[in-house]
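Computed from a predicted model, the values in this text were never measured in an experiment. Whatever order the structure lists ligands and atoms in, that order sets their numbers, starting from 1. FYI, the numbering just counts along the sequence from 1.
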Amino acid sequence: MIPSINANRLWQSIMDMAAIGPTPEGGSCRLALSPEDARARALFLEWALPFCHFEQDAIGNMFLRRSGKEPTAPAVAFGSHLDTVPTGGRFDGVFGVLAGLEVLRALDDAGVTTRAPLELVNWTNEEGSRFRPAMMGSRVHAADMTLEDALAITDDKGTSVREALQSSGQAGALTPSPRGWACWLEAHIEQGPVMEATDADIGIVTGTMHARYFQLTITGEPSHVGPTTMDRRHDSLAATAEMILAVERIALAAEPGGRASATWIENYPNARGNVSNITRLHCDVRHEHAERAVAMEQELRASLHAIASRRRVSIAIDPYTTFGPITFDAALCRLLRDKAQARQLNRRDMIAAAGHDSVLIAPLCPSAMLFIPSVDGITHNPREYSTKEQVARGAQVLLDAVIELAG
Ligand SMILES: [Zn+2]
């Protein structure tokens, strides 16, 4: 019996998972290591445990291992993340984890034991909405960040990752470290409009953009909104408003391969009677060609300094993280292409514009990603959607690839 995806079962699992942390508009909110995230993890575990051995590391990454005929052979690993942004949809990350679960279920249905073991992974805090930086679990796993540094990071309420791991019951016993995988695959939604526009069923992700992230601290002087005449102000918030537009202008000038966004703001004293004197802003620049991203950063720095000096405020620009550019494994990309072709699916090569755990895993072992379309390209939004057929096709290509890789 040739293992095949059960489209209804996979769809139902995605819908059942979406019911944890539901938002009024039909999406999901499961911030990393929140009670909702813990419930999602418990449900996932309940589903996977009947045919897997479970291990968890100290940053909460979950590893579900299905044994192979050669139990000591390097495992074929795959998965994604179950956490969401505050305005999350039902598919980002969840699709990759539950498609992986469906791969294991389909193999079980068919009574197939692969030669190499299989490992299904749920990474901790991919989104970075509650604890910065994003992709924290895979970062610590790949030694891109130390466990101690990660545990000490706090959310906006002052709760540390260490406390959140403990209160959510997700602090595992393993020391985070690479697990000697033969290879890594991640299935994910595209989160953009390209596949739908080009009628592609499967996106073969050959690499990622290069992104550079910054925290800006804009400092002026506090004063009274009434008596302080306009010419005497050092208004950090008004200066920041102009900077946000400068970030956008730099991206517009770098199209089609470039993007830039201002995403987060904090303002002091944030009081109605006061001209603001400290404003913090997070922004990023990214481009499919790394050298262009570096050029965008230079442009960004020049415009921010110009705005600051014209508006008589000071600015500190602190880079806090980067990702990519990553080139995924050519042989794995070829395999995914072949498997999509064999199922008569339309496929196209693409570059990932968003951060993914696979970026951190790629230096450790041959890695690749496959995308399925996002309806209207909408993501990080309750309206995020992929059809039951699109979801099933992606999972089937993942299954076909896993069978070939694991023997
Ligand atoms: Zn994701």
- Is a side-chain donor or acceptor of Asn274 paired with a backbone partner of Pro269 at a separation under 3.5 angstrom? no
- Query: Quick one: ring pair (Phe, Tyr, Trp, His ring centres under 6.0 Å) pairs with a partner in residues 87-117, sequence neighbours left out?
  - Reply: Trp11-Phe91, Phe91-Tyr385
- Item | Test: Arg105 cationic atom under 6.0 Å from Phe51 six-membered ring centre, within 45° of axis | no
- Message: For residues 142-176, which residue pairs pass the ring pair (Phe, Tyr, Trp, His ring centres under 6.0 Å) check, not counting sequence neighbours?
- Response: none
- Message: Pair Glu404, Leu335 - check side chain to side chain contact (heavy atoms under 4.5 Å, CB included), show working.
- Response: CA-CA 9 Å; Glu404 174 141 347; Leu335 175 70; 3.6 Å; yes
- Item | Environment of the Zn ion (ligand 1) in terms of protein N/O/S atoms, cut-off under 2.8 Å | His81 NE2, Asp92 OD1, His188 NE2
Under 3.5 Å, which donor-acceptor pairs do the side chains of residues 67-75 form with other protein atoms, sequence neighbours left out?
{"unit_1": "Lys69", "atom_1": "NZ", "unit_2": "Thr113", "atom_2": "O", "d": "3.4"}
{"unit_1": "Glu70", "atom_1": "OE1", "unit_2": "Arg115", "atom_2": "NH1", "d": "3.3"}

